[in-house]
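These notes concern the structure reproduced below.
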Amino acid sequence: MSFFRDVNLPAATAGFVAVLVGFTSSVAIVFQAAQAFGATPAQITSWMWALGLGMGLCTAIPSLILRQPVMVAWSTPGAAVLATAGLAGGFGMGEAVGAFMACAVLIILSGATGWFERIMNRIPMAIASALLAGVLARFGLQAFAAAQTALPLVLVMLLAYLLGRRMAPRYAVPLTLGAAVVYVLARGQLHTEALTLEWARPVFTAPVFSFGAFVSLALPLFVVTMASQNLPGVAAIRAAGYRMPISRIITTTGVATLLLAPFGGYALNLSAITAAICMGEEAHPDKDKRYSAAVVCGALYVAIGLVGAAVTGVLLAFPRELVAAIAGLALLGSIGGGLHAALKDDGHREAALITFLVTLSGVVVAGIGSAFWGVVAGALALFVQQYGTAKSKHP
């Protein structure tokens with residue numbers, strides 16, 4: 001099988017780092033969302049089973065078929081919306097599942113009709129690159145902000161990364177992760193109390209459909225998933241130079257969400273942060289072989305689903321500063337590439353800079369995150385600039 005010829009240590013490490021970052025950075029929010037609907041411990045484990053299998057299969061299988069790194073994740077802002085709206089509305093698990101399925105149908109329609117891809121095709125590359133750079137830059141800042149609470153660890157990782165880039169650029173991230181793990185083990189900072197051996201079991205919850213849950217849960221979940229997840233996800237794909245069937249992939253995530261919703265799979269979507277990790281040069285020097293990093297990532301997500309408690313414990317055993325630092329360092333190349341692509345064109349530079357800054361700000365308006373508003377602000381700036389130019393040329 002060509003996958004085994006194409007995968008190498010940096011690709012496997014990129015897949016592991018993607019899972020480490022994607023999972024540990026937001027799993028607490030998913031737990032809160034489940035608890036907001038009164039989920040039992042068995043149901044929470046079922047959520048991990050559904051989300052792990054959904055993300056893993058929707059990542060690994062399309063990546064193998066297309067031989068491109070298709071990266072799918074759960075909707076982190078969607079989980080935050082659910083955690084808030086679930087408590088405020090007093091919805092039960094049945095109504096939540098009904099809302100998940102309604103959201104899935106909307107995602108399927110947005111993919112099957114192709115309207116979302118058509119919108120993305122109209123966004124200039126400079127704006128899309130600035131959007132991606134703004135999303136990723138927050139993780140870059142967090143890498144160095146971690147020095148406030150774990151300065152020695154961050155310095156060890158930074159030194160290992162710089163030496164790796166100097167001596168063995170292809171292995172800089174694996175060397176950095178290895179140095180961090182050795183340091184954490186030597187200091188006794190690995191939190192092994194969360195480690196347990198237990199198979200995850202799916203728990204079926206019958207959907208209950210209500211207008212209140214549709215308005216309060218399904219619609220907000222759909223909007224933030226498309227605007228705050230799929231939008232930067234497509235930007236990551238375009239910035240990395242891949243041409244994928246976006247509409248078909250989004251339709252696939254919608255179908256997977258629909259099937260897994262009764263078990264806790266609330267919303268699947270394109271990834272941006274973990275996609276940048278697996279689509280960058282650090283994952284593989286050959287662009288055509290970076291899909292192997294996505295396959296590794298998908299396989300690990302499936303493992304999380306099948307052995308939920310055990311793998312969850314392993315990932316949560318790492319200090320949060322280690323996770324923040326490895327994410328930021330692994331994304332440095334993608335951040336730099338995004339900024340270069342965003343700012344190299346004089347005609348789009350100011351609009352791209354506005355997009356970058358608004359996205360980086362993290363502002364949330366009407367429950368919608370800064371990724372969407374960054375594109376809106378940049379597009380508005382570009383329109384005003386181009387409209388004024390057109391008027392001056394044609395009085």
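Taking OG1 from T205 and CZ from F100, the interatomic distance works out to 9.5 Å, rounded to the nearest 0.5 Å.
Residues passing the side chain to side chain contact (heavy atoms under 4.5 Å, CB included) test with T40 are A42, Q43, sequence neighbours excluded. In terms of the side chain to side chain donor-acceptor pair (under 3.5 Å) criterion, residue partners of E321 (sequence neighbours excluded) are, by chain and number, T149. Partners of E350 under the side chain to side chain donor-acceptor pair (under 3.5 Å) rule, at least two apart in sequence or in another chain, are Q385. Looking at residues two or more places apart in sequence or on another chain, you find a side chain to side chain donor-acceptor pair (under 3.5 Å) between T225 and S75. For R349, the salt bridge (charged side-chain N to carboxylate O under 4.0 Å, His left out) partners are D346, not counting sequence neighbours. Under the side chain to side chain donor-acceptor pair (under 3.5 Å) criterion, S292 pairs with no residue at all, not counting sequence neighbours.
Taking the six-membered ring for Trp, F263 and F204 have ring centres closer than 6.0 Å.
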Compile the donor-acceptor pairs under 3.5 Å between side chains in residues 231-247 and protein atoms, sequence neighbours left out, one pair per line.
unit_1, atom_1, unit_2, atom_2, d
R238, NH1, N121, OD1, 3.4
R238, NH2, N121, OD1, 3.1
Y242, OH, K287, O, 2.7
S247, OG, E117, OE1, 2.6

Throw together a table of side-chain donor-acceptor distances under 3.5 angstrom for residues 153-164, partners on residues two or more places apart or in other chains.
none

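Under the 4.5 Å side-chain criterion, counting only non-hydrogen atoms from C-beta, V208 is not in contact with V97. Residues L260 and L51 fail the side-chain proximity criterion, which asks for heavy atoms closer than 4.5 Å.
For residues 266-286, the set of pairs meeting the ring pair (Phe, Tyr, Trp, His ring centres under 6.0 Å) definition, not counting sequence neighbours, comprises W47-Y266. The list of salt bridge (Lys or Arg N to Asp or Glu O under 4.0 Å) pairs with a residue in residues 70-96, not counting sequence neighbours, is empty. For residues 40-67, the pairs satisfying salt bridge (Lys or Arg N to Asp or Glu O under 4.0 Å) are D6-R67, with sequence neighbours left out. Every pair passing ring pair (Phe, Tyr, Trp, His ring centres under 6.0 Å) that includes a residue from residues 62-88 is listed here, sequence neighbours excluded: F23-W74.
In this structure a side-chain-to-backbone donor-acceptor pair under 3.5 Å is missing from S129 to A341. The backbone N or O of N269 sits nowhere less than 3.5 Å from a side-chain atom of T253 that would complete a donor-acceptor pair. With T274 contributing its side chain and S271 its backbone, the two residues share no donor-acceptor pair below 3.5 Å. Under the 3.5 Å distance criterion, the side-chain polar atoms of R201 are left unmatched by any main-chain donor or acceptor of T45. Of the possible polar contacts, none joining the S334 side chain to the G280 backbone as a donor-acceptor pair under 3.5 Å is found.
Hydrophobic clustering places Y183 together with L185 (ILVMFWY residues linked when any side-chain heavy atoms are closer than 4.5 Å, directly or through intermediates).
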